[in-house]
Amino acid sequence: MIVKQFPRLEKDFYVDDDVVVQAQRLLGKLLVTHFDHQLTVGRIVETEAYRAPDDKACHAYNNRRTKRTEIMFREGGTAYITLCYGIHHLFNVVTGAEGMAQAVLIRAIEPIVGTTTMLERRGLEKMAYRVTAGPGALSKAMGITTDWHGSTMTDSENPIWLSDDGVAYAQKDIISGARVGIAYAEEWKDVPWRFQVKDSPWVSRAKGG
């Protein structure tokens, strides 16, 4: 019943070769999780694009292959979930054809379904942007952890998936800026590959947003 209400995006959606385009196409899509009989749904309102081999901010820069980054080389539709500072689980969507090593970081969502569950997971009492703004915050609210790193979101058994209810944003409603926390990336640190829904109260308050 849940999948019928929020049908999974099919593999064809994920295999576009241009990760910058994909980062913008993902705005408006629904991120859905179903853990322990708890359904949570949020509309994606902020993303960041990362692309190997040239992007120095990408984990797979120069096509670096490690146990972690190997997931990025898989076919689009794979979940790439990393742990930041040993605390925050960051959810990325692998895009493109197998071997391309590119992904979109989901930075913020607008809560749609399961807000009580989201608040409980975040240890907060009142719904506000900070419940799901920022990649670590949204993953905690949605119950996403590195346990699902490398899983295929088009798989009917996967409790994490993306859905489309027809919401899409025109280019004039999308703003771009520099990505967050990548000062080490030299000339790539200012590339405007962070995308937000204009005037959304649910985006992160990162510098430059």
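Side-chain atoms are counted along with the backbone in the values below, which use heavy atoms only and exclude waters and symmetry mates.
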For [X], which residues count as a salt bridge (Lys or Arg N to Asp or Glu O under 4.0 Å) partner, sequence neighbours excluded?
| X | answer |
| --- | --- |
| E120 | none |
| K56 | E186, E187 |
| D54 | R51 |
| R43 | D165 |

Does a side chain donor of either Q24 or Q171 reach within less than 3.5 Å of an acceptor in the other side chain?
yes

Side chains of T78 and T152 only: does a donor on one sit below 3.5 Å from an acceptor on the other?
no

Kindly compute the distance separating [atom1] ([X]) from [atom2] ([Y]), expressed to the nearest 0.5 Å.
| X | Y | atom1 | atom2 | result |
| --- | --- | --- | --- | --- |
| T145 | M142 | OG1 | CE | 13.0 Å |
| Q102 | D16 | CD | CG | 8.0 Å |
| T33 | L138 | OG1 | CG | 10.0 Å |
| H59 | N92 | NE2 | CG | 7.5 Å |
| I174 | E46 | CD1 | CD | 12.5 Å |

I182 and A57 have their tightest heavy-atom pair at CD1-CB, 3.7 Å

Here the pair of heavy atoms bringing M118 nearest to V113 is CE-O, 3.4 Å

Counting only heavy atoms from other residues, nucleotides and ligands, does the tally under 6.0 Å from CZ of R130 exceed 12?
no

Under 3.5 Å, side chain of [X] to main-chain N/O of [Y], donor-acceptor pair present?
| X | Y | result |
| --- | --- | --- |
| R8 | N158 | yes |
| E110 | V203 | no |
| R194 | A178 | yes |
| W161 | L30 | no |
| S139 | H89 | yes |
| N62 | R64 | no |
| T66 | T69 | yes |

Passes side-chain contact (heavy atoms from CB on, under 4.5 Å), L162 versus V32? Steps please.
CA-CA 6 Å; L162 299 184; V32 186; over 6 Å; no

Please list all pairs meeting ring pair (Phe, Tyr, Trp, His ring centres under 6.0 Å) that have one or both residues in residues 170-190, counting only residues at least two apart or in different chains.
W188-W193

According to the ring pair (Phe, Tyr, Trp, His ring centres under 6.0 Å) rule, which pairs have a member within residues 106-145, sequence neighbours left out?
none

Suppose clustering is done on Ile, Leu, Val, Met, Phe, Trp and Tyr with side-chain heavy atoms closer than 4.5 Å. Which residues sit in the same group as [X]?
| X | value |
| --- | --- |
| Y80 | I71, M72, V94 |
| L83 | none |
| Y61 | none |
| I87 | none |

Decide whether Y50 and I144 are clustered together by the hydrophobic rule: side chain heavy atoms of Ile, Leu, Val, Met, Phe, Trp, Tyr closer than 4.5 Å, transitively.
no

Do M153 and F73 share a hydrophobic cluster (ILVMFWY, side-chain heavy atoms under 4.5 Å, transitive)?
no

Could you check V93 against L105 for side-chain contact (heavy atoms from CB on, under 4.5 Å), going step by step and ending with a plain yes or no?
CA-CA 6 Å; V93 177; L105 172 66; over 6 Å; no

Which salt bridge (charged side-chain N to carboxylate O under 4.0 Å, His left out) pairs, counting each pair once, include a residue from residues 77-101, with sequence neighbours left out?
none

Taking side chain to side chain contact (heavy atoms under 4.5 Å, CB included) as the definition, give me every residue that meets it alongside A170, ordered by chain and number, with sequence neighbours left out.
K172, D173

Hey, mind stepping through L90 and I81 against side-chain contact (heavy atoms from CB on, under 4.5 Å) and telling me if it holds?
CA-CA 5 Å; L90 310 185; I81 307 170; 6.0 Å; no

